[in-house]
Amino acid sequence: MSTYSTPLHSKQALYRKLQDPKYREAFVSSRVAQTVAAQIKVMRQKGEMSQKDLAHKLETSQNAIYRLENPKYGRPNISTLKKVASFFGVGLIVRFAAFSELADWTLNISQRSIDVPSFAEDLG
């Protein structure tokens with residue numbers, strides 16, 4: 001397990017690790033990649049689609065969907081994410097945040113924060 005993928009059990013432990021600029025950079029990158037990949041996969045599976053089915057709907061390749069769902073690839077561009085959001089009827093938030101906010105979100109991640117309801121399913 002690399003230094004950048006060490007499990008974090010407290011905000012204090014995370015804060016200590018974030019003192020290292022290289023760790024901060026890797027942390028942000030991994031959070032984006034892992035979250036986006038998981039959300040796309042969950043939405044696709046909820047829609048009972050294969051990667052090939054989703055690729056067809058988005059007019060792309062199955063390999064492109066595989067890369068979107070693979071956190072190690074981690075390079076989705078914003079226009080692709082907007083296309084995915086539009087297809088699934090969900091919003092997309094891209095913004096800068098304080099590390100304390102990112103830490104809180106990371107340490108409190110839940111199935112609910114990954115499984116985003118579509119506009120039609122959103123009761124809030």
Side-chain angles (χ1 to χ4, degrees):
M1 186 176 280
S2 79
T3 305
Y4 301 118
S5 62
T6 303
L8 301 168
H9 302 292
S10 73
K11 194 170 184 177
Q12 295 80 16
L14 177 55
Y15 183 76
R16 282 191 301 274
K17 291 179 179 300
L18 290 171
Q19 297 302 308
D20 176 358
K22 287 183 180 181
Y23 185 88
R24 285 195 304 267
E25 183 178 344
F27 180 75
V28 169
S29 182
S30 73
R31 292 297 87 212
V32 170
Q34 290 177 8
T35 302
V36 167
Q39 288 184 304
I40 292 171
K41 186 174 184 175
V42 166
M43 290 186 294
R44 177 181 60 77
Q45 289 174 335
K46 245 173 77 173
E48 298 180 351
M49 289 183 280
S50 67
Q51 288 181 342
K52 186 176 180 178
D53 295 335
L54 180 57
H56 179 74
K57 299 282 187 184
L58 296 178
E59 299 177 348
T60 191
S61 68
Q62 183 271 329
N63 192 44
I65 302 304
Y66 168 79
R67 289 191 316 265
L68 283 172
E69 293 183 0
N70 182 344
K72 293 185 190 303
Y73 176 73
R75 292 191 180 109
N77 64 48
I78 292 175
S79 63
T80 299
L81 295 178
K82 289 191 307 188
K83 194 173 181 180
V84 170
S86 178
F87 175 77
F88 285 112
V90 298
L92 176 65
I93 299 172
V94 178
R95 66 181 181 88
F96 297 101
F99 274 95
S100 59
E101 182 180 353
L102 188 56
D104 287 341
W105 187 83
T106 298
L107 294 169
N108 297 309
I109 199 161
S110 66
Q111 180 64 32
R112 187 171 180 239
S113 67
I114 296 294
D115 187 3
V116 180
S118 68
F119 182 80
E121 299 167 326
D122 187 0
L123 303 175

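Along the sequence shown, residues are numbered consecutively beginning with 1.
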Once rounded to the nearest 0.5 Å, what's the spacing between atom CD1 of I114 and atom CD1 of I40? 11.0 Å

F119 and D122, any side-chain heavy atoms less than 4.5 Å apart: no

Checking the side chain of D115 only, and the main-chain atoms of Q111 only, is there a donor and an acceptor separated by less than 3.5 Å? no

How about Q62: does its CD atom have over 12 heavy atoms from other parts shown lying under 6.0 Å from it? yes

Please check this pair: side chain of Q19 against backbone of Y15, looking for a donor-acceptor N/O pair closer than 3.5 Å. yes

Over 12 non-hydrogen atoms of neighbours within 6.0 angstrom of NZ in K46: yes

For the student: nearest non-hydrogen atoms of L92 and I78, plus distance: CD2-O, 4.3 Å

Inter-residue atom distance R16.CZ - Y23.OH, 0.5 Å rounding: 11.0 Å

Under 3.5 Å, is there a donor-acceptor pair between the side chain of S30 and the main chain of F27? yes

Exam field: side chain Q39 to backbone S113, donor-acceptor pair closer than 3.5 Å: yes

Provide the closest heavy-atom pair for S118 versus V90 in the form atom of the first, atom of the second, distance. CA-CG1, 3.9 Å

Working to the nearest 0.5 angstrom, can you tell me the gap between I65 CD1 and K52 NZ? 13.5 Å

Decide whether V36 and I109 are clustered together by the hydrophobic rule: side chain heavy atoms of Ile, Leu, Val, Met, Phe, Trp, Tyr closer than 4.5 Å, transitively. no

Can you name the closest pair of heavy atoms from E69 and K41 and give their distance? OE2-CA, 3.6 Å

Is it the case that N77 and S79 place a side-chain donor and acceptor less than 3.5 Å from each other? yes

All heavy atoms of R31 vs all of T106, minimum pair found to be CD-OG1, 3.0 Å

Please find the pair of heavy atoms, one from A33 and one from P71, that lie closest to each other, and give the distance. CB-O, 3.2 Å

Working to the nearest 0.5 Å, report the span between CG of L54 and CE of M49. 5.0 Å

Quick one: do W105 and V32 end up in the same hydrophobic cluster if we chain Ile, Leu, Val, Met, Phe, Trp and Tyr together by side-chain heavy atoms under 4.5 Å apart? no

When rounded to the nearest 0.5 angstrom, what distance separates CG in D20 from CD in E25? 10.0 Å

Does F87 share a hydrophobic cluster with V42, counting links as ILVMFWY side-chain heavy atoms below 4.5 Å and allowing steps through other members? no

Once you round to the nearest 0.5 Å, how far does CD of Q51 lie from OH of Y66? 8.5 Å

Has K11 got a side-chain atom pairing as donor or acceptor with A103's backbone, closer than 3.5 angstrom? no

Could you tell me whether the side chain of N70 and the main chain of R67 form a donor-acceptor pair under 3.5 Å? no

When hydrophobic residues are tied together by side-chain contacts of less than 4.5 Å, even through go-betweens, does V116 share a cluster with L68? yes

